[in-house]
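All values reported here derive from a predicted model rather than from experimental measurement.
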Amino acid sequence: MSVKSTDTSFLALALTAAITAGITHWWTRRLEEQKVLKEKKQIYDRELLIKSKTLEARKLTGEPAGTVIEDLTIDKVFLWEVEDLKKRFSSSEVDNEMKNVPSSNTNPYFFPTLNVAPKKLEEAKSNQHATPTAYNKLITNHECIVADIVRKPNMKTYTHAYVRAGPRAKLHFDPKTVNAAIITCGGLCPGLNNVIREIVCTLCQLYGTNGSVYGLTGGYRGFYDPAYRPIKLTPELVQNIHHEGGTVLGSSRGGFDLEKTLDFLESKKISQLFVIGGDGTHRGAFRIHEGCMERGMNVAVAGIPKTIDNDVDYIDHSFGFSSAVEAAQVAIRAAKTEAICNMPNGIGVVKLMGRSAGYIAVHATMSSGDVDLCLVPEVPTVLEGELGCLPHLRRRVKDQGYAVVVVAEGAGEDVLGVSAETDASGNKKLPPIGEFMKAQIEEYFKKQDDVATVKYIDPSYTVRSVPANAADSLYCMQLGQNAVHGAMAGFTGFSVGLCNNRMVFLPIPQLVATSPRSMNPRGRTWERVLALTRQPNTVAKLNENASVENVQPTLR
């Protein structure tokens, strides 16, 4: 036999041995895996059987389903109680039922903006027939909404809760004798007319109030300034106002005068005051409540949180926010079109509302999907360098030919400085971040021997003056109705809002204590923005011993 044939035979034997060893190893591993899977299945089946038997046993004993988690417990719930006029003043104890007073609009061709002869209107009112209806659900005193829905291992074993909003079985005020007043303060916001309309209709139609409902014009000045005369509001007058933006009562900042306000409430025999405004307006509302208590006035003061910036704390979101984010999409789309069509290096810059919180800018950015850079007050603005927004913007332009920037009005104070001036509400005046960014972008491109075609859009007043969308309209209806439910039951010094997707009554001092709130720059919302825009993260890293929860207590 030749050496060559010997080598070939040896190689064949070696190859056969290797293949056999490989197959043996594979088969052994497969048998082991099947054995492990069989053992896992047996354990799983055993656990499934135990769970099934446990559920059957719990059904017999009335215990709930699920697994007991030993390190997640709540042993105390602290209720944020709302002040109750029944504890100080005598109560009517009238049974609560829906009066369902029909509108005077009995003529199918009646249009409320047309002039109607007083005689015709009186004839229509005389033909009204109320058909009272019992409530399907009346709220009891200790029904509450727990605040901390998300529970983590080893959290504190206590939490706080909010008083649940809704109609009560007994009324503190007799609807027949109620006179009410409504006021709107601060800047405009989508949904103001919706809230006004719902308060009026709930008072007059649901509760059948026989007194007057006054609309105070011009904000807090409407209580005393002769230039702002109160309007008597009726369901017929407010029937269609929810289709329009702004507020039919007008609004203003500042002008608060406690003594003159209390004098007005006394002179008009007002028993319920509804104040629609932000955290500053709510602080004024609570002072009115305290003034009423000092004078011995049986007046319920109810607040409805209004802020387009979504910066009132504890509530899920404020009314008008959804509509504002929706309206901002028009400006962002326009900025993208301008950026794409204007060459070379087209860039569209959009400035949105957001004095101390960047919620509108952030949510508009996420819902748009077209934004390449988002700047907000909560996150430091870095112009150049490794984390600079300008180099990032130039990279985006070179990648796709254009870029879109969204900036909140309160962003950039770390590069522009903080203004010492304030407006009538005491809010600091903000530096012009939009114009500043436009100039900085143009200058940076020039430094790179390049040209940027920058178009700047400021839709601030367009965004906040639009009518409420469907989601906000529904929310405003809930707010208006529950504000009246609370006032009629005798609660005072409270505000109404959505917490954990449930309507609640919140004591005003707690509500405004940590307002205005801001977005968590280390939370998931900002993470989503970074993932979408791919911009550098300029939020400083935490120290090893620090935690996100301890950085800023107002972050939610």
Spatial distance of atom CZ (Arg168) from atom NZ (Lys86) [nearest 0.5 Å]: 8.5 Å

CD1 on Ile332 to OG1 on Thr365, rounded to 0.5 Å: 5.5 Å

Heavy-atom pair of closest approach, residues Lys176 and Asn210: O-CB, 3.4 Å

Derivation and outcome, ring-ring contact (aromatic ring centres under 6.0 Å, His included), residues Tyr475 and His317: CA-CA 10 Å; Tyr475 188 20; His317 59 90; 4.8 Å; yes

Derivation and outcome, ring-ring contact (aromatic ring centres under 6.0 Å, His included), residues Phe505 and His485: CA-CA 10 Å; Phe505 296 143; His485 288 323; 8.5 Å; no

Donor-acceptor contact below 3.5 Å, side chain Asn179 vs main chain Lys269: yes

Between CG on residue Asn482 and CZ on residue Phe494, distance to nearest 0.5 Å: 9.0 Å

Closest heavy-atom pair and its distance - Ser212, Tyr214: CB-CE1, 3.7 Å

Side chain to side chain contact (heavy atoms under 4.5 Å, CB included) assessment of Thr307 paired with Ser318: CA-CA 6 Å; Thr307 165; Ser318 54; 3.7 Å; yes

Steps toward side chain to side chain contact (heavy atoms under 4.5 Å, CB included) verdict (Val275, Thr281): CA-CA 8 Å; Val275 182; Thr281 301; 3.3 Å; yes

Geometric cation-pi criterion Arg517 and Tyr359, 6.0 Å radius, 45° cone: yes

Heavy-atom side-chain proximity of Leu511 to Asp313 below 4.5 angstrom: no

Distance in Å, Arg164 CZ paired with Asn141 CG, rounded so as to fall on 0.5 Å steps: 13.5 Å

Ala285 versus Ile508, closest heavy-atom pair with distance: CB-CD1, 4.3 Å

Thr247 side chain vs Leu249 backbone, donor-acceptor pair below 3.5 Å: yes

Val362/Val376 under side chain to side chain contact (heavy atoms under 4.5 Å, CB included): CA gap, chis, key distance, verdict: CA-CA 8 Å; Val362 161; Val376 294; 3.7 Å; yes

Flag, side chain of Asp458 to backbone of Ser460, donor-acceptor distance under 3.5 Å: yes

Sidechain-backbone polar pair: Arg283 side chain, Val512 backbone, donor-acceptor under 3.5 Å: yes

Side-chain heavy atoms of Phe274 within contact of Leu203, under 4.5 Å: yes

For the student: nearest non-hydrogen atoms of Val496 and Pro305, plus distance: O-CD, 2.9 Å

Trace of the side chain to side chain contact (heavy atoms under 4.5 Å, CB included) decision for Val350 with Val405: CA-CA 6 Å; Val350 180; Val405 180; over 6 Å; no

Side-chain touch Met353/Glu409, heavy atoms, less than 4.5 angstrom: yes

Stepwise side chain to side chain donor-acceptor pair (under 3.5 Å) check, Ser251 with Thr184: CA-CA 6 Å; Ser251 187; Thr184 55; 4.5 Å; no

Lys306 side-chain N/O to Cys185 backbone N/O, donor-acceptor pair under 3.5 Å: yes

Any donor-acceptor pair under 3.5 Å from Asn100 side chain to Thr131 backbone: yes

Ion pair check, Glu294 and Arg287, cut-off under 4.0 Å: no

From CA spacing to verdict: ring-ring contact (aromatic ring centres under 6.0 Å, His included), Trp80, Tyr314: CA-CA 12 Å; Trp80 278 11; Tyr314 296 106; 5.0 Å; yes

Derivation and outcome, salt bridge (charged side-chain N to carboxylate O under 4.0 Å, His left out), residues Lys455 and Glu338: CA-CA 7 Å; Lys455 302 299 180 182; Glu338 288 285 344; 5.1 Å; no

Side-chain touch Val406/Leu352, heavy atoms, less than 4.5 angstrom: yes

Val248 backbone acceptor or donor facing Asn193 side chain under 3.5 Å: yes

Check: Asn298 and His172 side chains under 4.5 Å, non-hydrogen atoms: yes

Evaluation steps, side chain to side chain donor-acceptor pair (under 3.5 Å), between Thr217 and Arg229: CA-CA 6 Å; Thr217 60; Arg229 300 182 63 181; over 6 Å; no

Under 3.5 Å: donor-acceptor pair, side chain of Glu143, backbone of Thr140: yes

Spacing of CZ belonging to Arg221 relative to OH belonging to Tyr228, to within rounding of 0.5 Å: 6.0 Å

Close side-chain approach of Phe436 to Thr381, heavy-atom, < 4.5 Å: no

Pairwise side-chain contact, Phe286 with Pro509, heavy-atom cut-off 4.5 Å (strictly under): yes

Arg333/Asp370 ion pair, N-O < 4.0 Å: no

Which atom of Phe89 lies closest to which atom of Gly296, heavy atoms considered: CE2-O, 3.5 Å

Pair Asp263 + Arg295: basic N to acidic O under 4.0 Å: yes

Main-chain N/O of Asn469 paired to Ser323 side chain as donor or acceptor, under 3.5 Å: yes

Closest approach of Leu138 to Ala169 (non-hydrogen atoms, all atoms of both residues): CD1-CA, 3.9 Å

More than 12 heavy atoms from other groups under 6.0 Å of CD on Glu244: no

Thr492 and its side-chain hydrogen bond (donor to acceptor under 3.5 Å, both in side chains) partner, picked from His289, Gln272, Glu83: His289

Side chain to side chain, Leu498 and Met503, heavy atoms closer than 4.5 Å: yes

Side chains of His282 and Ser495, donor plus acceptor under 3.5 Å: yes

Ser322 OG to Asp472 CG distance, which is reported to the nearest 0.5 Å: 4.5 Å

Gln510 side chain to Leu506 backbone, donor-acceptor under 3.5 Å: no

